[in-house]
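Here's the structure, in structure tokens; my notes come after.
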Number of protein chains: 2
Amino acid sequence: MAVLAFEIATHAALLRFRAKDGIDSVGIDFWNMKASMKKPKTSDMGSVPDLRVEGDGRPSANVTLTDVARVAGVSPITVSRAINRPDIVSSRTLKQVTQAIERIGYVPNLLAGALRSNRTRLVAAIVPSIGTSMFAEAVEALSDRLSEAGYEVLLGLSGFNQVHEDEILSAALSRKPDAIFLTGIQHSAWARKQLLAARIPVVESWDLTPSPIDMVVGFSHDGSGRAAARHLLSKGYRRFAVIAATDHRALQRRDGFLAELEDQGTKAAVILTHTPGSLELGRNAFAQLLEDGIQPEAVFCTSDPLAQGVIIEGQVRGVSVPGDIAVMGFGDFSFAAHIHPTLSTVRFDRRQIGRIAAEAILAELNGMPSVERIVDIGFTVMEREST
Amino acid sequence: MAVLAFEIATHAALLRFRAKDGIDSVGIDFWNMKASMKKPKTSDMGSVPDLRVEGDGRPSANVTLTDVARVAGVSPITVSRAINRPDIVSSRTLKQVTQAIERIGYVPNLLAGALRSNRTRLVAAIVPSIGTSMFAEAVEALSDRLSEAGYEVLLGLSGFNQVHEDEILSAALSRKPDAIFLTGIQHSAWARKQLLAARIPVVESWDLTPSPIDMVVGFSHDGSGRAAARHLLSKGYRRFAVIAATDHRALQRRDGFLAELEDQGTKAAVILTHTPGSLELGRNAFAQLLEDGIQPEAVFCTSDPLAQGVIIEGQVRGVSVPGDIAVMGFGDFSFAAHIHPTLSTVRFDRRQIGRIAAEAILAELNGMPSVERIVDIGFTVMEREST
DNA sequence: TTGTATGCGTTATCAG
DNA sequence: CTGATAACGCATACAA
């Protein structure tokens with residue numbers, strides 16, 4: 001008996017299927033067309049096309065450029081051009097291709113394109129954490145700028161731990177990113193080697209070094225600590241305490257602070273907390289300070305969350321800021337102004353780091369070698385005594 | 001002249017190769033070896049191998065699996081297995097391969113593998129923003145769990161804007177992620193269609209719906225607002241104000257709050273701010289409230305940053321919390337406890353959303369269909385009157 | 001402006 | 001446990 005042609009309606013479109021026997025089927029049969037036009041595989045010769053029809057009746061084979069080409073009546077490379085360089089394709093062809101894409105629901109496979117072209121349009125961003133908004137804003141600025149330019153961000157969270165950074169880096173490099181954004185300037189020898197071997201733009205950040213792997217965007221932590229000390233000294237304070245987290249950069253800020261004090265013949269009590277500094281750690285540290293009987297006139301905290309904690313703990317214990325004690329924080333650009341009406345802070349623009357890193361990466365990828373390979377974004381001392 | 005065989009000792013192993021012309025060349029020449037052993041390309045026949053030697057003298061051609069195979073004296077597929085399924089390779093072979101990898105600095109190309117296997121080990125996470133730590137912690141928890149399992153996160157920032165979400169989604173899907181994490185339950189028809197067509201696990205989050213695209217992990221915003229209202233009512237307050245951001249979920253919380261009040265025969269003044277709510281917006285809103293002559297006993301803010309702003313503005317204006325006015329926030333799990341000693345809040349665990357989403361994704365990818373496709377992580381009312 | 005032939009580096013499949 | 005072969009989907013090089 002003759003095989004019947006039937007139509008199956010789906011929520012998306014009408015698909016016509018042809019039954020096997022060369023029968024008089026009607027209309028377009030995109031899927032069978034696709035299968036039947038493939039070069040015969042030795043193992044497939046004359047067998048049933050592999051349509052792998054699934055539960056809902058739709059085939060699961062991927063829609064490819066070639067399928068679009070067939071529907072549009074052009075060659076695959078023309079479709080590729082219509083997508084990537086629409087300007088060099090005739091408007092008529094472009095329209096046909098666009099319609100075909102729409103019609104069969106084509107989603108380009110960047111994997112394949114990247115493999116062939118050796119350009120992934122992917123930038124890996126490796127930061128310790130994004131939970132505390134410390135690095136998150138930089139990543140956000142980076143991503144915003146890069147996505148404008150058609151790049152996407154592969155996120156790697158290294159968690160303040162160098163072994164883990166190496167693992168994350170290894171995983172990231174296997175994706176063949178076009179560029180990479182790193183936090184800090186301290187990386188394992190292995191990491192440096194891999195980074196160099198990858199031969200892609202590398203931006204280190206948050207700190208400065210005269211010898212970056214490739215480029216560096218950051219500011220001086222020693223300088224920040226010193227600036228905090230000078231500020232407090234200039235306000236007339238003479239008895240100090242420092243509450244510092246224990247990561248490399250926080251310790252540099254502490255050391256800068258202490259060094260500046262020492263230059264002025266002064267010292268400070270130091271309390272260390274874990275990294276990253278948090279409000280809770282700040283509270284605890286300040287509580288400890290008071291319980292140790294230390295009575296500073298001013299406390300420098302290596303990060304704003306620690307400073308917030310000091311202020312909160314002060315409120316709870318009836319210590320007023322800055323009446324009884326001055327508190328100086330570090331880090332936040334737009335937020336610090338509001339943490340507490342009287343909190344002074346050394347601030348830098350987190351987003352600027354991401355922004356500049358993105359520009360540097362794009363410049364390098366576009367073959368305009370950036371003039372500056374070392375960018376100091378600086379910092380400013382922000383004083384607030386009242387609102 | 002006869003072709004000679006040489007044995008050369010290296011720091012890692014013995015490499016055997018034959019010099020081409022009977023020349024007495026000594027030393028390892030991995031790269032020429034590589035080139036000379038390639039199948040001749042038509043265009044390359046007899047010509048100089050394309051080594052593109054660069055400044056440092058090293059060729060820039062990629063080191064591939066095949067190179068490793070050659071050095072290890074096995075077939076490429078064996079190298080692949082040694083990397084991906086070391087358990088099914090003999091320990092002797094494994095060792096050879098490992099050494100070869102180390103020796104020539106091989107970095108696997110996941111692009112190629114993904115293309116062939118149709119598995120990218122990539123999960124796309126699309127959130128409005130990570131700058132405010134709102135979604136950042138969820139993404140962090142997601143990433144932490146996924147990277148344990150060998151997956152990486154492609155970050156997409158949609159910026160509270162649906163058009164942009166579609167663009168980001170489109171870009172993400174072109175990377176063929178194995179799964180996708182989305183924020184919210186409101187997506188364009190186009191987005192839903194693409195997501196369905198991708199046939200990958202999809203987790204929507206932060207909200208609940210009886211009809212998720214695939215899975216959803218979140219909590220009730222209406223319920224949160226109602227809970228806040230009940231809490232404040234139970235404390236005896238009767239005159240209310242609400243400061244709300246204008247995104248979908250914040251408005252649901254506001255509506256829940258108002259609905260609960262209405263059930264009790266009460267009302268509230270409402271002030272709207274932009275999204276996302278920030279400390280600064282909270283300050284401004286509260287200032288406006290006071291200047292409008294509104295004298296609430298309690299203010300419900302749809303997010304904690306707004307509540308912080310209210311508290312700060314209150315401090316500046318000499319309004320004490322909760323002496324003069326009670327403030328209730330929303331959102332933060334671990335942080336809210338410290339914002340202000342007297343701030344009450346409706347809290348939920350951001351990290352839990354990421355964690356559960358990751359587990360759901362992994363379960364689905366490993367073929368164990370998760371029992372729960374709708375996960376309500378709930379929320380709790382946190383009351384703090386003093387520390 | 002469009003098309004043809006080829007290969008990117010890996011893994012699925014099947015064979016030993 | 002190991003290997004030969006082909007294919008994933010696209011973009012480069014060159015030709016028309």
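In what follows, every chain begins at residue 1, and chains take the letters A, B, ... in the order their sequences are listed. Hydrogens, waters and symmetry mates are skipped; everything else that's a heavy atom, side chains included, is used.
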Does the side chain of [X] get closer than 4.0 angstrom to OP1 or OP2 of [N] through an N or O atom?
X	N	result
B:Thr64	C:dG9	no
B:Thr66	C:dT10	no
B:Ser90	D:dT2	yes
B:Asn62	C:dG9	yes
B:Ser75	D:dG3	yes
A:Thr78	C:dT2	no

>> Any N or O donor-acceptor pair under 3.5 Å from the base of C:dG9 to the side chain of A:Arg116?
In response: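 In this structure, the two groups form no donor-acceptor pair.
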
> Roughly how many Å is it from CZ in A:Arg119 to P in D:dC10, rounded to a whole number?
Replying inline: 16 Å

> Taking atom types as modelled, is there a side-chain donor on B:Glu204 or B:His187 under 3.5 Å from an acceptor on the other?
Replying inline: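 Per modelled atom types, B:Glu204 and B:His187 side chains form a pair under 3.5 Å.
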
>> Under 4.0 Å between a side-chain nitrogen and a carboxylate oxygen: does that hold for A:Glu152 and A:Arg121?
In response: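 Answer for the salt bridge query: no.
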
> What nucleic acid atoms does B:Pro108 come within less than 4.0 Å of, heavy atoms only: base, sugar-phosphate, or nothing?
Replying inline: sugar-phosphate

> Can you tell which of C:dG9, D:dG3, C:dT11 lies closest to the side chain of B:Leu115?
Replying inline: C:dG9

